[in-house]
2 protein chains.
Amino acid sequence: MTSRREAVRDVLVQSEGFRSAQDIYAELRAGGAKIGLTTVYRALQSLADAGQVDVLRTDDGESVYRACATGTHHHHLVCRRCGHTVEVAGPAVERWAEAVGAEHGFTSITHTVEVFGTCGSCASVASAG
Amino acid sequence: MTSRREAVRDVLVQSEGFRSAQDIYAELRAGGAKIGLTTVYRALQSLADAGQVDVLRTDDGESVYRACATGTHHHHLVCRRCGHTVEVAGPAVERWAEAVGAEHGFTSITHTVEVFGTCGSCASVASAG
DNA sequence: GGCAGAATGAAAACCGTTGTCAAAACCGCC
DNA sequence: GGCGGTTTTGACAACGGTTTTCATTCTGCC
Ligand SMILES: [Mn+2]
Ligand SMILES: [Mn+2]
Ligand SMILES: [Zn+2]
Ligand SMILES: [Zn+2]
């Protein structure tokens, strides 16, 4: 684990939600770190390969990364306003995916599941404003 | 509905699975149609806006489109080998998404769910070969 | 035919990401 | 401390899917 890689991971660990490579790069540079964008991308890739961060793609095609607390299979509930993210487990949805695949003769089933919404604090800010 | 837009939609209607813009463009050109890539993109965008086609993003960042039979909310079971796609409804997963959101104080819940696997015919081809 | 507005498409711009490659940092060894 | 080698780094260029631009063509209407 090199120092740059560690710096990238630290940003993610201290982040509440998903962050983009460019976002992380900007934060590191703003904090005085000497690091290149290419290195941020490489660090994220190796962290993702090692299973230490989760990746997902936003609607506009940007990859975003998060250091999740759980190493086990889980999904995300993401506030579409502030990005606040909670990790959720879902035995029900796991079973459903397997069942629906089997029902149509599919094997080696995998799935992607993400849930979006407005979190409690964003909702109260909106109603107060 | 202009003739180009109709041509684009026709390709999708006769397709089994999701297709990319460039893919559709290539097929139309191969069939002798006089159409530009820009127009294919525009047609797909307006069809998507009108809710006549579903869009999803592949892992490598390409947008792919499909003219689904159902106008109502559904998800997809996609063969990762041949692209064969079946539309699946899932009351269980709908309820789960709502519940998990509410449980954490989130409102205006939406979700994305896609299931991938190897379809029956691809599995038999693989085992025969 | 003549006209206004919409549609079209070739080419350029855009943007996140990846490849290139020379310089810098690191490491074990003497 | 000095020396070879390996690895890491980052400025820059290239890539690929998508969008924007803008001049031309088509369309419906009189
Ligand atoms: Mn799951
Ligand atoms: Mn659903
Ligand atoms: Zn929020
Ligand atoms: Zn298949």
Side-chain angles (χ1 to χ4, degrees), chain A residues 1-12 15 17-67 76 78 80 83 112 114, chain B residues 1-12 15 17-67 76 78 80 83 112 114:
Chain A
M1 176 70 53
T2 71
S3 73
R4 320 284 159 125
R5 198 157 302 183
E6 213 151 44
V8 168
R9 195 180 51 176
D10 284 352
V11 170
L12 284 179
S15 293
F18 284 86
R19 308 284 302 269
S20 73
Q22 317 228 25
D23 189 13
I24 293 165
Y25 169 68
E27 174 168 329
L28 287 169
R29 292 300 287 245
K34 181 160 177 343
I35 190 171
L37 181 55
T38 310
T39 303
V40 173
Y41 274 108
R42 277 192 286 239
L44 289 169
Q45 185 128 331
S46 81
L47 288 168
D49 288 350
Q52 295 189 35
V53 307
D54 286 2
V55 194
L56 61 87
R57 270 184 185 267
T58 65
D59 281 339
D60 47 302
E62 211 174 11
S63 290
V64 287
Y65 305 81
R66 183 168 193 271
H76 302 105
V78 182
R80 71 170 72 79
T112 65
E114 305 295 336
Chain B
M1 179 67 54
T2 71
S3 73
R4 320 283 160 125
R5 198 157 302 184
E6 213 152 44
V8 169
R9 193 179 54 176
D10 284 353
V11 170
L12 284 179
S15 293
F18 284 86
R19 308 284 302 270
S20 73
Q22 317 229 26
D23 189 14
I24 294 165
Y25 170 68
E27 174 170 329
L28 287 170
R29 292 301 287 247
K34 182 161 178 338
I35 190 171
L37 181 55
T38 309
T39 303
V40 173
Y41 274 109
R42 279 194 282 239
L44 288 169
Q45 185 128 331
S46 81
L47 288 167
D49 288 350
Q52 296 189 34
V53 307
D54 285 1
V55 193
L56 60 87
R57 271 187 185 264
T58 65
D59 281 339
D60 47 300
E62 210 175 11
S63 290
V64 287
Y65 305 82
R66 182 167 193 271
H76 303 104
V78 182
R80 71 170 72 80
T112 66
E114 306 295 336

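Throughout, protein chains are lettered first and strands after them, A, B, ... in sequence-line order, and every chain is numbered starting at 1.
In this structure a side-chain-to-backbone donor-acceptor pair under 3.5 Å is present from B:Arg57 to A:Asp59.
The residue B:Arg4 sits close only to the backbone: its heavy atoms come under 4.0 Å of sugar-phosphate atoms, none of a base. B:Ser20 comes within 4.0 angstrom of no nucleic acid atom, judged by non-hydrogen atoms across all strands.
The interatomic distance linking B:Ile35 (CD1) with C:dT8 (P) rounds to 7 Å, in whole Å. Atom pair B:Leu44:CG and D:dG17:P shows a separation of 15 Å (rounding to whole Å applied). Here D:dG17 presents its P atom at 15 Å from CG of B:Asp59, a figure rounded to the nearest Å. Atom CD in B:Glu6 sits about 14 Å away from atom P in C:dA7, given to the nearest Å. Atom CG of B:Leu47 and atom P of C:dA7 are 13 Å apart (whole Å). Straight-line distance from the NZ atom of B:Lys34 to the P atom of D:dC26: 8 Å, rounded to whole Å. Rounded to an integer number of Å, the gap from CZ of A:Arg5 to C1' of D:dT9 is 11 Å. When the P atom of D:dT8 is taken as reference, atom CZ of A:Arg42 falls 9 Å away, rounded to whole Å.
Residue B:Gln22 places at least one side-chain N or O under 4.0 Å from the OP1 or OP2 atom of D:dG17. Within the 4.0 Å cut-off from OP1 or OP2 of D:dT9, not a single side-chain nitrogen or oxygen of A:Thr38 is found. Listed pair A:Gln45 / C:dT17 fails the phosphate criterion, with no side-chain N or O lying under 4.0 Å from OP1 or OP2. In this structure, A:Tyr41 reaches the C:dT17 phosphate: one of its side-chain N or O atoms is under 4.0 Å from OP1 or OP2. For C:dT8, the OP1/OP2 oxygens have a side-chain nitrogen or oxygen of B:Thr2 closer than 4.0 Å.
Put simply, the side chain of B:Leu56 reaches to within 4.5 Å of the side chain of B:Phe18, judged on heavy atoms. Counting heavy atoms from C-beta outward, A:Glu27 and A:Ile24 have side chains that stay 4.5 Å or more apart. A:Asp54 places a side-chain heavy atom less than 4.5 Å from the side chain of A:His76. Between B:Arg29 and B:Tyr25 there is a side-chain heavy-atom pair separated by less than 4.5 Å.
For B:Arg57 against D:dG17, a side-chain-to-base donor-acceptor contact under 3.5 Å is absent.
Heavy-atom distances to DNA chain D give each of B:Gly61 and A:Leu37 a nearest nucleotide, and the one nearer the 5′ end belongs to A:Leu37.
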